[in-house]
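Worksheet for the structure shown next.
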Amino acid sequence: GVQTCALPIFAGLQNKINENNDSIVQTQSEIQQLVTDIATLSNQITSKDKVVDDIDKAKTIKTKLSQKVETCEHDAEFFSENDVCPQCSQGIPEDYKSRIIHDLHEKMKDSNKKINELETVLEGLMEKQNSINAIIGKITDKNIELSTKNSTVSLLNKQNKQLQVEIETHNSDTDRKSTRLNSSHG
């Protein structure tokens with residue numbers, strides 16, 4: 001009579017352990033998938049540092065070209081507005097001025113063309129960087145999910161240990177009771 005009372009409790013505890021074990025197996029499978037996903041995503045952003053370097057280089061070159069254009073504009077303006085050198089008061093011949101202005105305009109045209117090409121390159125690099133940032137966001141989300149699932153497995157394992165202790169405590173209590181019953185009937 002005494003032992004049959006405990007059986008439903010043991011069955012319930014054992015069922016809970018079995019359910020937890022199933023959850024652990026399922027969660028560990030999900031963890032493995034997350035680890036694989038994170039590795040795959042990480043491989044997609046190996047060019048991250050190179051993209052950042054390329055953006056910096058392109059911006060630096062663009063700045064230098066823009067400064068060159070400004071200098072050429074300033075010089076062209078000077079030769080357009082002056083017929084006499086302000087420093088030595090000599091006259092500046094017209095054919096010399098027009099040749100200098102022509103060369104400056106060619107340099108500006110060339111630099112502006114390079115600036116436009118650089119802007120196209122920069123747009124492409126910025127798109128790459130945006131894609132990389134989106135992937136980094138996905139990796140962060142998956143790492144959070146991974147952490148949560150690892151915690152779940154830890155909690156389920158801890159709960160199973162407690163349930164196992166409970167079963168063993170009931171078993172030893174039951175064993176002691178049956179030992180006492182047997183010795184009193186002996």
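Atoms considered below: every heavy atom in the structure, side chains included; atoms not considered: hydrogens, waters and symmetry mates.
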Original post:
How long is the gap from CD1 on I115 to CE on M108, to the nearest 0.5 Å?
Top reply: 11.5 Å
Original post:
Which ILVMFWY residues are connected to I144, directly or by a chain of links, through side-chain heavy atoms under 4.5 Å apart?
Top reply: none
Subject >> side-chain contact (heavy atoms from CB on, under 4.5 Å) between I17 and Q164, intermediate numbers included >> reply: CA-CA 8 Å; I17 289 173; Q164 199 57 51; 3.4 Å; yes
**OP:** Starting at CD1 of I135, measure out to CG of N43 and round the result to the nearest 0.5 Å.
**Re:** 10.5 Å
**OP:** Determine which pairs satisfy salt bridge (charged side-chain N to carboxylate O under 4.0 Å, His left out) with at least one residue from residues 109-124, sequence neighbours left out, and list them in order.
**Re:** K62-E119, E106-K109, D110-K114, K113-E117
**OP:** Sorted by first residue and then second, give each salt bridge (charged side-chain N to carboxylate O under 4.0 Å, His left out) pair with at least one member in residues 14-23; sequence neighbours left out.
**Re:** none
Subject >> Partners meeting side chain to side chain donor-acceptor pair (under 3.5 Å) with N143 (sequence neighbours left out) >> reply: none
Original post:
Quick one: side chain to side chain donor-acceptor pair (under 3.5 Å) partners of K50, sequence neighbours excluded?
Top reply: D54
**OP:** Could you grab the distance from atom OG1 of T152 to atom CG of N157, nearest 0.5 Å is fine?
**Re:** 11.0 Å
Original post:
For Q14, what residues pass the side chain to side chain donor-acceptor pair (under 3.5 Å) criterion, not counting sequence neighbours?
Top reply: N18
Original post:
Is there side-chain contact between L163 and Q159, with heavy atoms separated by less than 4.5 Å?
Top reply: yes
Subject >> ILVMFWY cluster membership beyond I100 - transitive side-chain contacts under 4.5 angstrom >> reply: F78, F79, I92, Y96, I101, L104
Subject >> Spatial distance of atom CG (L65) from atom SG (C72) [nearest 0.5 Å] >> reply: 10.5 Å
Original post:
Could you give all pairs that pass the salt bridge (charged side-chain N to carboxylate O under 4.0 Å, His left out) test and reach residues 81-90, with sequence neighbours left out?
Top reply: D83-K97
Original post:
What distance separates I136 CD1 from Q44 CD, expressed to the nearest 0.5 Å?
Top reply: 11.5 Å
Original post:
Listed by chain and number, what are the side-chain contact (heavy atoms from CB on, under 4.5 Å) partners of S98, not counting sequence neighbours?
Top reply: none
Original post:
Would I24 and N160 count as a side-chain contact (heavy atoms from CB on, under 4.5 Å) if you check the C-alpha gap in whole Å, the side-chain angles of each, and the deciding distance to 0.1 Å?
Top reply: CA-CA 11 Å; I24 289 169; N160 278 356; 4.0 Å; yes
Original post:
Is there a donor-acceptor pair closer than 3.5 Å between any side-chain N or O of S29 and the backbone N or O of V25?
Top reply: no
Original post:
salt bridge (charged side-chain N to carboxylate O under 4.0 Å, His left out): which pairs involve residues 141-167, sequence neighbours left out?
Top reply: E30-K149, D37-K142
**OP:** Starting at CG of N150, measure out to CD1 of I31 and round the result to the nearest 0.5 Å.
**Re:** 4.0 Å
Original post:
Can you name the residues that form a side-chain contact (heavy atoms from CB on, under 4.5 Å) with S42, not counting sequence neighbours?
Top reply: I38, I139
**OP:** Flag the pair T120 / N116 as yes when at least one side-chain heavy-atom distance between them is below 4.5 Å, and no otherwise.
**Re:** no
Subject >> Residues that I55 engages under side-chain contact (heavy atoms from CB on, under 4.5 Å), provided they are two or more places apart >> reply: V51, K59, L122, L125, M126, Q129
